[in-house]
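Numbers restart at 1 for each chain; the letters A, B, ... are given by sequence-line order, proteins then strands. Any value given below was found using the heavy atoms of this structure, including those in side chains, with hydrogens, waters and symmetry copies removed.
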2 protein chains.
Amino acid sequence: MLSKKTKYGLKALFALARMYNRGPVLIADLAEAEKIPKKFLEYILLTLRNGEILASRKGKGGGYYLAREPRQITIAAAVKVLEGSVAPVACLDGSPAAVCEECVKLATCGIRLAMKDAWDAMSAVMEKTTLADVLDRIDLAEENEKELFNFVI
Amino acid sequence: MLSKKTKYGLKALFALARMYNRGPVLIADLAEAEKIPKKFLEYILLTLRNGEILASRKGKGGGYYLAREPRQITIAAAVKVLEGSVAPVACLDGSPAAVCEECVKLATCGIRLAMKDAWDAMSAVMEKTTLADVLDRIDLAEENEKELFNFVI
DNA sequence: TTTAAAGTCTATCAAGCAAATAGACAAAAT
DNA sequence: ATTTTGTCTATTTGCTTGATAGACTTTAAA
């Protein structure tokens, strides 16, 4: 299960993606709009900035904004920065040195062999889904909801 | 990341699958063979038994054994019992009532829309991978390791 | 050049969960 | 009857998550 930090972080990213190219957004405004505790959001945005998903400007007129276009930021990248790793076992998270103490031998470890294909399938999807894709899906879903509502009337 | 409980549990299941139809296995023997703290393993096996993955017999000559054939126990089922849920968000874990507090509206929740396809892909693989499949993969991997060793000589 | 508005950083806290352990109890085969 | 073996409840320890406080730094604009 994703941590609250990651969920809040994703919500913030969707909001920032929607406001892309409208300049920096204040932490306080974002916190209120997305119902995220301000101080916690501050820490989350800092994490995303250190992970080069976001950029910021200090001082008057400052705030946070996406470091790249919504179409160039993947869910995989965001989740990796926010959560650290979501791989079911350490040895599958992509970093070469990460060996889990459970594996006696990496190549023949049952847990790894059991989870590898499943994890590969999941990360492939996350790698190709961008913030822009998610916005499109949200819009489509909202459109469908409206249709449904009209139909009921 | 899977908890230690789940990892230990999977290891125990692989071992029990290998010894399928050789009668009940003692907790103590399994603990020693798989290097799992005995009391912790006791608790893990109990979880698996309550989840109807394992069955047990008390008294002399008793022990634990798989409740079904290795070919009929999926990784998805085992992980679900051991970990509770591995879905990235509660509303994706299959149970109808599970709604995450983050979603204002289930159908249009960005987090859900962002993770749904990825999670579907992962669970599909876990649903179709059985303990027997994993044993096969381990054997194959060990065979390959041996080949490699011979080649080096 | 001052000042107020913003982000940055470090420290701290409480609550909850994971991992592990202990020991009394119940069942069943011999 | 007795011994072997699983079952259950409770407890401990330490780490992680979620959240908050406050001092500090940077920057734009008055």
Side-chain angles (χ1 to χ4, degrees), chain A residues 1-12 16 23-32 34-67 79 81-86 88-90 100-102, chain B residues 1-12 16 23-32 34-67 79 81-86 88-90 100-102:
Chain A
M1 175 89 84
L2 298 177
S3 67
K4 219 133 184 171
K5 179 186 182 187
T6 300
K7 290 177 188 169
Y8 282 152
L10 287 175
K11 276 183 110 166
L16 288 173
V25 179
L26 296 190
I27 295 182
D29 292 350
L30 201 51
E32 194 186 13
E34 299 299 322
K35 304 275 178 268
I36 303 172
K38 183 171 171 250
K39 273 293 184 182
F40 196 24
L41 179 60
E42 195 179 281
Y43 156 66
I44 292 167
L45 296 184
L46 206 52
T47 303
L48 285 167
R49 183 179 161 280
N50 291 334
E52 291 170 328
I53 306 279
L54 293 181
S56 64
R57 195 155 58 217
K58 284 188 181 181
K60 211 169 189 175
Y64 275 96
Y65 51 94
L66 296 187
V79 167
V81 166
L82 287 164
E83 191 84 20
S85 167
V86 235
V89 271
C100 39
E101 74 267 23
E102 289 83 28
Chain B
M1 174 89 86
L2 298 178
S3 67
K4 218 134 183 171
K5 180 186 182 187
T6 300
K7 290 178 188 169
Y8 282 153
L10 288 175
K11 275 183 111 167
L16 288 173
V25 179
L26 298 189
I27 295 182
D29 291 351
L30 200 51
E32 193 185 14
E34 299 299 321
K35 304 273 177 269
I36 303 173
K38 183 171 170 249
K39 273 293 185 181
F40 194 25
L41 178 60
E42 196 179 279
Y43 156 66
I44 292 167
L45 296 183
L46 206 52
T47 303
L48 284 167
R49 184 180 160 279
N50 291 334
E52 292 169 328
I53 305 278
L54 293 181
S56 65
R57 195 154 59 216
K58 284 187 179 181
K60 212 168 190 174
Y64 276 96
Y65 51 96
L66 296 188
V79 167
V81 166
L82 287 164
E83 191 84 21
S85 167
V86 234
V89 271
C100 39
E101 73 268 23
E102 289 84 28

What is the distance, rounded to the nearest whole Å, between atom [atom1] of [X] and atom [atom2] of [N]?
X	N	atom1	atom2	value
B:Lys5	C:dC17	NZ	C1'	12 Å
B:Leu30	D:dG6	CG	C1'	14 Å
A:Leu26	C:dG7	CG	C1'	10 Å
A:Leu41	D:dG18	CG	P	14 Å
A:Leu46	C:dA6	CG	C1'	14 Å
A:Ile44	C:dT8	CD1	P	14 Å
A:Lys4	C:dG16	NZ	P	12 Å
A:Leu45	C:dC9	CG	P	13 Å

Of the listed nucleotides [options], the one nearest the side chain of [X]:
X	options	value
B:Pro37	C:dA19, D:dT7, C:dT21	C:dT21
B:Glu42	C:dT8, C:dG23, D:dT4	C:dG23
B:Tyr8	C:dA20, D:dC8, D:dT20	C:dA20

note = DNA chain C nearest-nucleotide lookup for A:Gly59 and A:Asn50: closer to the 5′ end is A:Gly59

5' precedence on DNA chain C between B:Glu83 and B:Lys58 (nearest-nucleotide basis) =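 Its nearest nucleotide lies further toward 5', so the answer is B:Glu83.
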
remark   = By nearest-nucleotide position on DNA chain D, the 5'-leaning member of A:Lys38 and A:Lys60 is A:Lys38

request  = Hey, which sits more toward the 5' end of DNA chain D by its nearest nucleotide, A:Gly61 or A:Ser3?
outcome  =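 In this pair, the answer is A:Ser3.
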
task = Examine D:dT5: is either OP1 or OP2 under 4.0 Å from a nitrogen or oxygen in the side chain of B:Ser56? Give yes or no.
result =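 No, B:Ser56 has no side-chain N/O under 4.0 Å of OP1/OP2 on D:dT5.
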
inquiry  = Side-chain N or O of A:Arg49 versus OP1/OP2 of C:dT8: is the shortest distance under 4.0 Å?
reply    = yes

task = Answer with yes or no whether B:Lys39 presents, from its side chain, a donor or acceptor under 3.5 Å of a partner atom in the base of C:dG23.
result = yes

task = Please name the pair of heavy atoms, one in B:Gly62 and one in B:Leu26, separated by the smallest distance, quoted to 0.1 Å.
result = O-CD2, 3.4 Å

ask   = How close do B:Pro24 and B:Arg57 get, heavy atom to heavy atom, and via which atoms?
value = CG-NH2, 3.4 Å

Distance in Å, [X] [atom1] paired with [Y] [atom2], rounded so as to fall on 0.5 Å steps:
X	Y	atom1	atom2	value
A:Lys5	A:Thr47	NZ	OG1	3.5 Å
A:Glu32	A:Leu30	CD	CG	11.0 Å
B:Glu42	B:Ile27	CD	CD1	4.5 Å
A:Leu41	A:Leu46	CG	CG	10.5 Å

message = Taking the axis from the first five pairs and the axis from the last five, what angle separates them in the helix from C:dT1-D:dA30 to C:dT30-D:dA1, rounded to 10 degrees?
response =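 The helix from C:dT1-D:dA30 to C:dT30-D:dA1 shows an end-to-end axis angle of 10°.
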
query = Touch check for A:Ile27, heavy atoms < 4.0 angstrom, all strands: base, sugar-phosphate only, or nothing?
reply = sugar-phosphate

message = If we ignore hydrogens and angles and just use 3.5 Å, is the side chain of B:Glu34 paired with the main-chain N or O of B:Tyr8 as donor and acceptor?
response = no

inquiry  = Could you tell me if the side chain of A:Glu83 sits less than 4.5 Å from the side chain of B:Met1, heavy atoms only?
reply    = no

